[in-house]
Amino acid sequence: MPSIIKYYVNTIDYISLKTGRATMYLVFVMMFILILSFVTRNIINIPLIWIIEMAQFVMTGYYLLGGGYSMLTDDHVRMDLIYSKLKDKTKALLDSLTSVFLIFYLVVLLIGSISSLTYTLETNQRLFTAWAPYVWPIKTLMLIGILLMLLQAIAMFFKNLEKIKNNKRG
């Protein structure tokens, strides 16, 4: 693998690893928010209008920012009926092929998220709820999460090509 691609792969893997590990703690933030919701609604009888939406925002950030990490650690969902029985070279070949489709899909999502964030910023968009929060923070996280997944998908594509190349030599 050329050194520039190796540097790219190592850099993206590092960013995905650090982002994923930091994102793991959002589960505790969400748990705190939901416990606070229970306490304020059922114990002290002061329901907070923002609490459920905030939990949804945190959960959205959690799964969007954790996407690259789950790809890096191979924890994503895969149909494993036949895949686990294949040789490493065949797995890498299939992963390379499906990576092309994943990268195309993520590019389309990225273009859509940029368009959506631009619209949100231009119109100062808010949700139509009692709390009426601004939408730009979650759409920014959406853009960052999709970008990280795209960069990780490209890195995984290069890793799979390297596996195919190394298996042909061996």
Side-chain angles (χ1 to χ4, degrees), residues 1 4-34 37 49-80 83 91-164:
M1 183 181 310
I4 187 77
I5 293 176
K6 191 179 285 190
Y7 178 76
Y8 170 82
V9 167
N10 290 337
T11 302
I12 297 304
D13 284 355
Y14 178 80
I15 291 170
S16 292
L17 184 71
K18 294 300 180 183
T19 303
R21 290 209 175 135
T23 301
M24 287 180 192
Y25 294 104
L26 288 179
V27 167
F28 297 113
V29 173
M30 189 182 65
M31 286 174 22
F32 171 77
I33 291 170
L34 293 175
S37 172
I49 61 172
W50 56 268
I51 207 124
I52 296 301
E53 283 176 310
M54 182 58 81
Q56 291 171 341
F57 282 178
V58 170
M59 186 63 186
T60 301
Y62 174 76
Y63 73 77
L64 283 171
L65 293 175
Y69 179 78
S70 68
M71 289 175 68
L72 174 66
T73 57
D74 205 26
D75 290 332
H76 53 88
V77 176
R78 175 181 285 137
M79 290 300 293
D80 203 12
Y83 187 84
K91 286 181 184 180
L93 208 61
L94 281 173
D95 288 343
S96 296
L97 178 67
T98 57
S99 289
V100 172
F101 295 106
L102 175 62
I103 290 167
F104 174 76
Y105 176 71
L106 288 170
V107 166
V108 171
L109 279 179
L110 183 67
I111 292 167
S113 68
I114 290 169
S115 171
S116 181
L117 179 60
T118 303
Y119 173 80
T120 296
L121 292 172
E122 287 172 351
T123 61
N124 214 14
Q125 186 180 14
R126 292 173 169 252
L127 288 181
F128 297 109
T129 61
W131 179 35
Y134 288 105
V135 181
W136 68 264
I138 199 64
K139 290 200 177 181
T140 303
L141 283 179
M142 179 178 72
L143 180 112
I144 293 168
I146 292 168
L147 179 63
L148 287 174
M149 280 188 67
L150 174 61
L151 295 173
Q152 188 62 51
I154 294 168
M156 298 302 287
F157 178 74
F158 287 137
K159 287 180 190 180
N160 287 321
L161 289 181
E162 186 65 19
K163 284 181 192 175
I164 294 167

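The figures here come from the full heavy-atom set of this structure, side chains too, leaving out hydrogens, waters and symmetry mates.
- For I49, the CD1 atom is densely surrounded, since the number of other residues' heavy atoms within 6.0 Å is greater than 12.
- At a threshold of 4.5 Å between non-hydrogen side-chain atoms, the residues M71 and L102 count as touching.
- In the displayed structure, Y83 atom OH is contacted under 6.0 Å by more than 12 heavy atoms of other residues, nucleotides or ligands.
- In this structure, OG1 in T120 is found 12.5 Å from OH in Y134, a value given to the nearest 0.5 Å.
- L109 contributes atom CG, which lies 11.5 Å from atom OG of S116 (distance to the nearest 0.5 angstrom).
- A distance of 8.5 Å separates NZ of K91 from NZ of K163, quoted to the nearest 0.5 Å.
- For the atom pair T60 OG1 and L26 CG, the distance stands at 10.5 Å (nearest 0.5 Å).
- To the nearest 0.5 Å, the span separating CE on M30 from CE on M59 amounts to 5.0 Å.
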Please list every donor-acceptor pair under 3.5 Å in which a side-chain atom of residues 140-155 meets a protein atom from a residue at least two apart or in another chain.
from: T140; atom 1: OG1; to: W136; atom 2: O; distance (Å): 2.6
from: Q152; atom 1: OE1; to: S16; atom 2: OG; distance (Å): 2.6
from: Q152; atom 1: NE2; to: D13; atom 2: OD1; distance (Å): 3.0

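- Counting heavy atoms from C-beta outward, V27 and Y62 have side chains that approach closer than 4.5 Å.
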- Task: Show your reasoning for whether side-chain contact (heavy atoms from CB on, under 4.5 Å) applies to F157 and I103.
- Result: CA-CA 9 Å; F157 178 74; I103 290 167; 4.3 Å; yes
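- Taking 4.5 Å as the limit, some side-chain heavy atom of L127 sits within range of a side-chain heavy atom of F57.
- Here the side chain of S96 pairs a donor or acceptor atom with the backbone of A92 at under 3.5 angstrom.
- Proximity of a side-chain donor or acceptor of S37 to a complementary backbone N or O of I33 within less than 3.5 Å is not detected.
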- Message: side-chain contact (heavy atoms from CB on, under 4.5 Å), that's the test. Do D95 and M156 meet it? Break it down for me.
- Response: CA-CA 8 Å; D95 288 343; M156 298 302 287; over 6 Å; no
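- The CE atom of M54 sits 9.5 Å away from the CD1 atom of I138 when rounded to the nearest 0.5 Å.
- What you find for R126 and A132 is that their closest heavy atoms are NH1-O, 2.7 Å.
- Of all the heavy atoms in S70 and G67, the pair that sits closest is OG-O, 2.9 Å.
- K139 and Q125 get closest at one heavy-atom pair: NZ-OE1, 3.4 Å.
- Taking the six-membered ring for Trp and thresholds of 30 and 60 degrees, F158 and Y8 have ring planes more than 60 degrees apart, a perpendicular arrangement.
- Of all heavy-atom pairs between S99 and N160, the closest is OG-ND2, 4.2 Å.
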